[in-house]
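Read through the structure below, which is laid out as structure tokens, and then see the notes.
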Amino acid sequence: MKFTLCNIVVSVLVLDTAQAFSNAPSLLKRGISSHHVQIPATALSIATSPPPPVVEPIEEYSAAISEENPLKVIIAGAGVGGLALANSLSKNPKMQVTVVERTDQFKRFGGPIQLASNALRVLEEMDKTVYDEIMEKFTYTGDKENGIKDGIRTEWYAKFDLASPAEARNMPYTGVIERPDLQDIYLKALPEGIVQNGDGVASYKKDKNGSIDVTLESGRTIKGDVLIGADGIWSAVRATMRGTPARGDGSGVTYSGYTVFAGELNYDSPDNGQVGYKVYIGPGQYFVITDIGKGRYQWYAFLARPPGSVKDEKPEGSSKYLQDIFQGWSHEIHAILTVTKENEIEQRDLYDRPPSVSKPWTDGHVALLGDGIHAMMPNLGQGGCQAIEDAFVIAEELEQAKSRNEITRLLNEYQNRRLIRSAAVQGLSRFASDIIIRGFDTPAKVVWEEGKMIPRFENFNYAGIVTKILQPILPIFFAVQFNFLYDGWKNRYAIDLVAALGFLVLGGFMLVLSAGVVGEAGIAASLGIEALIGIEGVLDFEALSAAFREFFTL
């Protein structure tokens with residue numbers, strides 16, 4: 001069958017042209033209230049001219065935004081994206097910001113969050129003081145060795161160069177900060193009273209002039225001009241916007257196919273100060289160890305399991321359970337597992353969403369931010385970073401508003417600027433999980449032993465050979481990936497065509513090779529072609545997969 005490069009070019013063009021554009025805002029209509037005339041009673045019954053009518057005051061809608069009539073912005077959720085947006089908008093005297101948070105109070109829980117160079121550059125641009133405080137509690141990983149290790153042999157398989165792309169752009173290195181520390185910095189930076197705890201958003205309604213009536217879980221209603229849904233993957237704002245449930249069937253949230261165990265502990269690692277993070281690959285699962293600063297480490301074990309495996313019994317505890325699962329794997333994995341206490345381990349199933357191209361991000365004066373619109377797998381450490389980029393773009397757009405009549409257009413522009421980039425990052429995150437777990441194995445290796453004329457061939461099955469073939473390709477793919485992430489933080493362009501072509505060619509090649517590992521029929525589902533391309537319900541992924549296979553067999 002004959003195949004031309006047009007298939008790939010058309011795919012790239014679809015990415016750029018499939019963005020959803022909303023109609024311009026309709027004209028506002030003003031209502032006219034009837035006057036109530038009061039005639040005071042008198043003791044004398046004489047003919048007199050009636051006094052002038054007394055007009056009750058009318059609260060008239062005004063589209064103009066001013067310090068006297070500020071734009072009222074309600075933010076649902078006090079995660080990193082919601083707090084970053086609130087901090088930025090609260091500095092504008094023409095805006096009145098309220099953050100509505102479900103939890104009663106903020107507690108010190110949650111592990112570290114990775115802030116990559118793109119997110120750090122955005123934070124610095126949004127608020128230099130907050131950025132400096134973050135840096136005081138920050139641990140760099142991007143200036144150290146990072147990469148993938150052979151999970152069985154403990155040898156480096158491929159390294160990520162996080163430092164060079166950052167240095168070339170004069171950007172700070174990637175690193176981590178404890179979530180409670182990041183949250184505390186923002187809460188102290190915000191004016192008192194902006195964050196209101198103990199009552200989350202349940203739903204909203206729009207009135208005729210675009211204003212929003214927000215109903216809280218308690219039944220209380222608050223009114224605003226703008227509502228930003230930063231309320232996470234189970235977003236009530238998204239559910240109201242799309243008329244779908246927040247959870248379960250129809251919500252758009254899907255189980256990724258993976259469960260993750262996470263541990264955090266004090267650990268005396270032999271490579272402390274030299275290595276930032278290590279990803280150990282092998283058949284059917286992988287393990288990650290990362291330095292989170294001050295002698296503390298975090299590890300993750302990613303396993304392909306059916307949903308609900310969190311409830312599976314582990315009679316001897318999670319540490320022993322994982323030691324058995326990773327039997328025969330690197331001694332470095334077992335060294336950290338054996339010293340991790342049970343109260344230092346948590347397990348959770350991983351959920352994400354397909355990229356939203358055909359479904360709305362906005363509804364008039366309402367917009368979604370972060371996990372509510374583009375929840376992603378944690379493999380690239382970009383979930384929080386992309387929420388921060390959302391906040392940056394929304395702030396830029398709303399800062400331009402002089403009239404409430406402009407809000408719909410400005411929020412649509414936010415969607416247009418963020419849609420393709422966030423979809424690409426979503427796709428890369430899912431692709432990383434799928435390709436590592438379902439496509440990679442222990443690399444094939446030829447071992448020469450002293451005194452023997454014939455070498456020993458280790459793991460020379462199809463998966464092992466494919467993993468070995470991909471070894472020199474991965475650093476190139478990583479370079480394209482990090483250049484894409486670091487170049488596009490301003491979100492000025494809908495799509496980077498050079499990066500898109502690189503992802504299509506290199507990613508397509510990796511998918512084609514890996515197809516033989518999981519079976520050709522299951523490639524679209526098992527290796528996340530849909531996620532890699534980044535569009536839901538727009539492209540024929542089976543046809544695209546066939547096109548890639550044909551192209552690379554010419």
Side-chain angles (χ1 to χ4, degrees), residues 79-81 83-84 106 108-124 126 130-149 159-163 165-167 171-187 260-269 271-280 286-302 332 336 340 344-346 348 350 370-371 376-389 391 425 429 432 478 481-482 485-486 489:
V80 60
L83 291 177
F106 294 109
R108 286 194 66 84
F109 69 92
I113 179 174
Q114 175 175 294
L115 297 178
S117 299
N118 55 305
L120 291 173
R121 185 67 186 87
V122 169
L123 291 174
E124 186 177 21
M126 293 179 81
V130 164
Y131 169 80
D132 289 340
E133 291 182 19
I134 289 172
M135 289 296 99
E136 289 177 7
K137 297 189 175 183
F138 201 68
T139 297
Y140 289 116
T141 56
D143 60 342
K144 302 176 178 67
E145 280 188 304
N146 300 281
I148 299 175
K149 279 193 164 185
K159 292 185 179 181
F160 311 148
D161 181 8
L162 296 175
E167 291 167 353
M171 299 172 81
Y173 296 122
T174 291
V176 296
I177 183 173
E178 292 286 345
R179 286 177 187 271
D181 289 338
L182 179 62
Q183 189 176 63
D184 189 54
I185 289 169
Y186 270 117
L187 291 174
V260 61
F261 290 80
E264 185 178 340
L265 68 158
N266 294 318
Y267 181 61
D268 185 17
S269 177
D271 56 14
N272 180 262
Q274 300 174 359
V275 177
Y277 68 86
K278 301 167 282 190
V279 180
Y280 298 82
Y286 68 103
F287 198 91
V288 180
I289 300 176
T290 181
D291 180 0
I292 58 175
K294 299 179 182 179
R296 291 187 64 76
Y297 276 77
Q298 190 170 45
W299 56 258
Y300 302 95
F302 289 86
E332 294 179 352
I336 198 167
T340 307
E344 295 171 328
I345 304 174
E346 291 184 354
R348 72 182 192 275
L350 296 176
D371 283 354
M376 58 189 69
M377 295 288 284
N379 305 80
L380 299 186
Q382 278 287 323
C385 300
Q386 291 303 300
I388 291 168
E389 287 193 18
V425 178
S429 298
F478 295 147
Q481 172 183 289
F482 293 126
L485 289 172
Y486 297 173
W489 65 271

Can you tell me how far apart [atom1] ([X]) and [atom2] ([Y]) are? Round to the nearest 0.5 Å.
{"X": "Asn146", "Y": "Tyr277", "atom1": "CG", "atom2": "OH", "answer": "5.0 Å"}
{"X": "Tyr267", "Y": "Trp299", "atom1": "OH", "atom2": "CH2", "answer": "12.0 Å"}
{"X": "Glu167", "Y": "Leu162", "atom1": "CD", "atom2": "CG", "answer": "10.5 Å"}
{"X": "Met377", "Y": "Leu350", "atom1": "CE", "atom2": "CG", "answer": "4.5 Å"}
{"X": "Gln481", "Y": "Tyr486", "atom1": "CD", "atom2": "OH", "answer": "9.0 Å"}
{"X": "Asp132", "Y": "Ile185", "atom1": "CG", "atom2": "CD1", "answer": "10.5 Å"}

[X] and [Y]: which non-hydrogen atoms are nearest, and at how many Å?
{"X": "Val176", "Y": "Ile292", "answer": "CG2-CA, 3.6 Å"}
{"X": "Gly81", "Y": "Ala391", "answer": "O-CB, 3.6 Å"}
{"X": "Gln298", "Y": "Glu264", "answer": "NE2-OE1, 4.0 Å"}
{"X": "Ile113", "Y": "Val80", "answer": "CD1-CG1, 4.3 Å"}
{"X": "Glu389", "Y": "Trp489", "answer": "OE2-CA, 4.0 Å"}
{"X": "Phe478", "Y": "Ile148", "answer": "CZ-CD1, 3.9 Å"}

query = For the residue pair Tyr140 and Tyr173, does the interplanar ring angle fall in the parallel (under 30°), tilted (30 to 60°) or perpendicular (over 60°) class?
reply =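 Aromatic pair Tyr140/Tyr173 classed perpendicular.
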message = Once you measure the plane-to-plane angle for Tyr300 and Phe302, does it fall in the parallel (<30°), tilted (30-60°) or perpendicular (>60°) bin?
response =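 Tyr300 vs Phe302 ring planes: tilted.
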Would you check if the side chain of [X] reaches a backbone N or O of [Y] as a donor-acceptor pair within less than 3.5 Å?
{"X": "Asn118", "Y": "Cys385", "answer": "no"}
{"X": "Asp291", "Y": "Gly276", "answer": "no"}
{"X": "Gln114", "Y": "Leu380", "answer": "yes"}
{"X": "Ser429", "Y": "Pro378", "answer": "no"}

ask   = Is the CG atom of Asp268 crowded by more than 12 outside heavy atoms at less than 6.0 Å?
value =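 No.
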query = Do Asp161 and Phe482 pass the side chain to side chain contact (heavy atoms under 4.5 Å, CB included) test, and can you show the C-alpha distance, the side-chain angles, and the key distance before you say yes or no?
reply = CA-CA 9 Å; Asp161 181 8; Phe482 293 126; over 6 Å; no
Residue pair [X] / [Y], side-chain heavy-atom distance below 4.5 Å:
{"X": "Phe138", "Y": "Pro172", "value": "no"}
{"X": "Phe287", "Y": "Ile336", "value": "yes"}
{"X": "Leu120", "Y": "Met135", "value": "yes"}

message = As a quick check of understanding, evaluate side-chain hydrogen bond (donor to acceptor under 3.5 Å, both in side chains) for Tyr297 and Thr340, giving each step before the final call.
response = CA-CA 10 Å; Tyr297 276 77; Thr340 307; over 6 Å; no
request  = Could you walk me through whether Gln382 and Met376 pass side chain to side chain contact (heavy atoms under 4.5 Å, CB included), step by step?
outcome  = CA-CA 8 Å; Gln382 278 287 323; Met376 58 189 69; 4.2 Å; yes
Glu145 bridged to Lys159 by N-O distance under 4.0 Å =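 A salt bridge links Glu145 with Lys159.
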